[in-house]
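If you're wondering where the values come from, they're calculated on a predicted model, not measured in any experiment. In what follows, every chain begins at residue 1, and chains take the letters A, B, ... in the order their sequences are listed.
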Amino acid sequence: MKIFNSYSNKLEEFIPVHKGIVNMYVCGPTVYNYIHIGNARPVIFFDTVKNYFEFRDYKVKFVSNFTDVDDKIITKAIELELTEKEITDKFISAFLSDVEKVNSSIDYIKPRVTNYMDHIIEYIGILVDKGFAYVVDGDVYFRVSKVKNYGILSNRKIDDLLVGARIEINNKKENPLDFTLWKKTDVGIKFDSPFGEGRPGWHTECVAMIDDIFGEQIDIHGGGSGLMFPHHENEIAQSQVLNNHSLAKYWMHNGLLNIGDSKMSKSEGEVILVKDLDVNPNGFRLFTLSTHYRSPINYTDEALDVYIKEWEKILRTYSALYLKLDLSDMLYGNGKIDPDLLTIYKEFLDAMDNDFNTANAITALQNLNKKANQLLRSKTEDSVLLSAKKLFDDFFNVLGLKHNKKPLSKEDKDIYILWNKARAEKDFDNADKYRNILQQKGII
RNA sequence: GGUCCCGUAGCCAAGUGGCUAAGGCAAUGGACUGCAACUCCGUGACCACCAGUUCGAAUCUGGUCGGGACCUCCA
């Protein structure tokens with residue numbers, strides 16, 4: 001398996017820290033609002049990554065946090081006259097419901113920053129003791145200039161960043177690039193610390209939680225490309241000081257999802273919220289996975305619609321396979337290997353092994369779809385159809401495509417038999433009647 | 001101002017040195033079919049432009065034009 005590692009900027013063979021185990025962490029949301037479809041991209045992609053590792057028999061420990069301490073949360077709390085906890089509870093549950101809505105698993109470890117305050121404060125203290133952070137008037141800043149290799153992830157040089165000159169001037173900082181570890185606060189929720197009352201900066205949270213939950217360098221750290229700088233860069237800097245390693249062996253960053261040609265942002269432009277998305281989740285999932293994860297996607301209604309239809313097409317084929325096997329009582333058991341199906345299976349594995357090329361994996365799914373239709377039309381023996389069905393099941397599991405096919409009831413089977421009988425006898429009035437019933441029940 | 005990414009058929013999109021440049025949508029011709037739906041088969045690209053490296057480039061290098069991101073909270 002190969003993964004493009006943002007840390008080295010190279011395609012690398014994936015070798016886990018521990019054989020057969022994948023420890024991965026994906027930056028989660030700051031819970032002060034509903035998520036938009038751009039936020040759903042990493043949710044869907046990294047869920048697919050997890051599925052694929054599991055499909056390849058890895059044991060995956062998947063962690064994604066909730067940032068539940070933040071200025072935006074405090075602002076929102078004041079605005080709505082609620083406590084911070086009421087705000088974050090509300091948007092955490094909204095987030096999880098949106099995650100499920102796009103067919104991603106919510107069965108993973110979900111730490112909240114507020115539960116790790118002791119660790120965070122402890123780490124900041126260590127950074128201060130080691131001379132990599134300094135306290136000014138209740139704030140604590142990280143001394144970027146002390147870390148060699150700062151900028152390694154995002155390929156930036158400190159000098160180039162300084163030339164940027166768009167960085168806010170803060171007289172307390174020794175260097176404009178120094179980032180906040182602890183922020184003194186007057187309003188909103190605050191926590192006690194040796195540096196004074198305040199709240200932690202964003203960049204320390206993930207490091208502290210990863211260290212506490214995994215206790216060592218993890219395999220994969222994922223997130224959107226927007227997080228590469230400064231967030232992930234700062235995480236690496238802190239981890240180098242605290243643990244003497246780069247936090248994760250492989251860093252993976254997904255590209256952004258734009259609306260039309262421009263970026264979807266919480267602060268400007270058009271935003272489509274996941275909760276308002278009124279389409280088939282499988283179609284949305286195919287749409288999201290149809291572009292390689294590192295490339296940007298330009299969202300348009302038309303582009304999404306193509307994949308909604310694609311899903312309907314795939315489901316029709318799958319339903320037909322399922323029905324045929326159900327009627328023959330052949331839904332379970334071992335299928336017979338067909339060379340073309342084997343080729344398609346290999347295409348799928350090759351695609352996924354090559355840096356999670358889901359676009360090509362979807363092509364394999366489409367090839368399977370076509371092959372299955374050909375098999376269905378050519379009176380193929382059921383054992384081969386069963387292999388095809390099992391291949392669909394595998395692909396669905398990895399890509400997170402869900403359906404609710406169940407074996408037919410005795411009554412429904414009888415109607416199906418009557419329909420075929422009527423057709424054979426050219427009794428088209430009755431045939432149409434039975435067909436209507438079957439169509440209404442979604443059987444055909 | 002600094003750093004970086006992208007430009008493949010009407011549209012979406014894979015492919016990053018080597019057979020006839022995947023696949024899907026749309027279009028169009030055909031097959032199947034009681035009708036309809038579904039489905040299958042066929043038909044399309046001098047890979048933005050220019051120059052260079054190479055036996056050979058969409059793929060590497062330089063330049064031009066065009067689009068976008070980051071340097072500030074942002075998936």
Distance below 4.0 Å between N298(A) side-chain N/O and C11(B) OP1 or OP2: no
Distance test, side-chain N/O of N39(A) to OP1/OP2 of A75(B), below 4.0 Å: yes
Scan the side chains in residues 224-234 of chain A for donor-acceptor partners under 3.5 Å anywhere in the protein, sequence neighbours excluded, and list what turns up.
| residue | atom | partner | partner atom | Å |
| --- | --- | --- | --- | --- |
| S225(A) | OG | N254(A) | O | 3.3 |
| H231(A) | ND1 | H203(A) | ND1 | 3.0 |
| H231(A) | NE2 | E235(A) | OE2 | 2.8 |
| H232(A) | ND1 | H253(A) | NE2 | 2.7 |
| H232(A) | NE2 | H221(A) | NE2 | 3.4 |
| E233(A) | OE1 | L153(A) | N | 3.3 |
| E233(A) | OE1 | S154(A) | N | 2.8 |
| E233(A) | OE1 | S154(A) | OG | 2.5 |
| E233(A) | OE2 | G151(A) | N | 3.0 |
| E233(A) | OE2 | I152(A) | N | 3.1 |
| E233(A) | OE2 | L153(A) | N | 3.2 |
| N234(A) | OD1 | Y150(A) | OH | 2.5 |
| N234(A) | ND2 | H203(A) | NE2 | 3.3 |
| N234(A) | ND2 | P230(A) | O | 3.3 |

Residue H292(A), side-chain atoms from C-beta onward, closest of C35(B), A14(B), U39(B): A14(B)
Partner nucleotide of U39(B) by Watson-Crick or wobble geometry (both distances under 3.5 Å): A31(B)
G-U wobble or Watson-Crick pairing nucleotide for C25(B) (cut-off 3.5 Å, both distances): G10(B)
A48(B) to G66(B) separation - C1' atoms, rounded to the nearest Å: 8 Å
Distance, C1' atom - from A21(B) to G30(B), rounded to whole angstrom: 27 Å
Sugar-phosphate, base or nothing in reach of G223(A), heavy atoms under 4.0 Å: sugar-phosphate
Nearest-Å distance once atom P is located in both U39(B) and C25(B): 9 Å
Integer-rounded Å distance: C12(B) P and D301(A) CG: 14 Å
Integer angstrom distance from the C1' of U20(B) to that of G15(B): 15 Å
Closest to the R435(A) side chain, choosing from A14(B), A75(B), G34(B): G34(B)
Out of A75(B), A13(B), G15(B), whichever nucleotide has its closest atom nearest the side chain of T291(A): A13(B)
D382(A)/K336(A) salt bridge by N-O under 4.0 Å criterion: no
For atom CE of M228(A) and atom P of C5(B), their distance in whole Å: 11 Å
Same-atom distance (P) from U28(B) to U8(B), integer angstrom: 25 Å
Footprint string (nucleotides 17-32 of chain B, 5' to 3'): B base within contact, S backbone only, - free, heavy atoms under 4.0 Å: -----BSSS-------
Distance between C1' atoms of U53(B) and A57(B) (Å, rounded): 10 Å
Separation of A13(B) P from L286(A) CG (nearest whole Å): 15 Å
Integer-rounded Å distance: A75(B) P and N258(A) CG: 14 Å
Under 3.5 Å side-chain donor-acceptor pair for T317(A) and N373(A): yes
F392(A), W311(A), F396(A) screened by ring-ring contact (aromatic ring centres under 6.0 Å, His included) with H403(A), the one that passes: F396(A)
For C60(B), the Watson-Crick or wobble counterpart (both distances under 3.5 Å): G52(B)
Ring geometry between Y307(A) and F287(A) (parallel below 30°, tilted from 30 to 60°, perpendicular above 60°): tilted
For atom CZ of F179(A) and atom C1' of C71(B), their distance in whole Å: 16 Å
Strand partner of C4(B), provided both Watson-Crick or wobble distances fall under 3.5 Å: G68(B)
Any Q374(A) side-chain nitrogen or oxygen under 4.0 Å from OP1 or OP2 of C41(B): yes
S290(A) or L227(A), whichever maps to the more 5' nucleotide of RNA chain B: S290(A)
Pairing nucleotide - A45(B), Watson-Crick or G-U, each distance under 3.5 Å: none
C35(B) base / R423(A) side chain donor-acceptor hit below 3.5 Å: no
Separation of G34(B) P from N420(A) CG (nearest whole Å): 13 Å
Distance-only side-chain donor-acceptor flag, S97(A) / E100(A), under 3.5 Å: no
H231(A) NE2 to C71(B) P, straight-line distance once rounded to whole Å: 14 Å
Of all pairs that satisfy ring-ring contact (aromatic ring centres under 6.0 Å, His included), the ones with a partner from residues 419-444 of chain A, not counting sequence neighbours: Y416(A)-W419(A)
Identified pairing partner of C19(B), criterion: Watson-Crick or G-U wobble below 3.5 Å: none
Pair of N/O donor and acceptor under 3.5 Å linking G34(B) base with D432(A) side chain: yes
Inter-nucleotide C1' distance (C40(B), U33(B)), Å rounded: 13 Å
Salt-bridge contact E12(A)-K2(A) (side-chain N to carboxylate O under 4.0 Å): no
Whole-Å P distance, U3(B) and G62(B): 14 Å
First encountered from the 5' end of RNA chain B, between D429(A) and T317(A): D429(A)
Separation of atom CG in L256(A) from atom P in A75(B), rounded to whole Å: 10 Å
K85(A) and D68(A) ion-paired at < 4.0 Å: no
Check: T67(A) main-chain N/O paired with R112(A) side-chain donor or acceptor under 3.5 Å: no
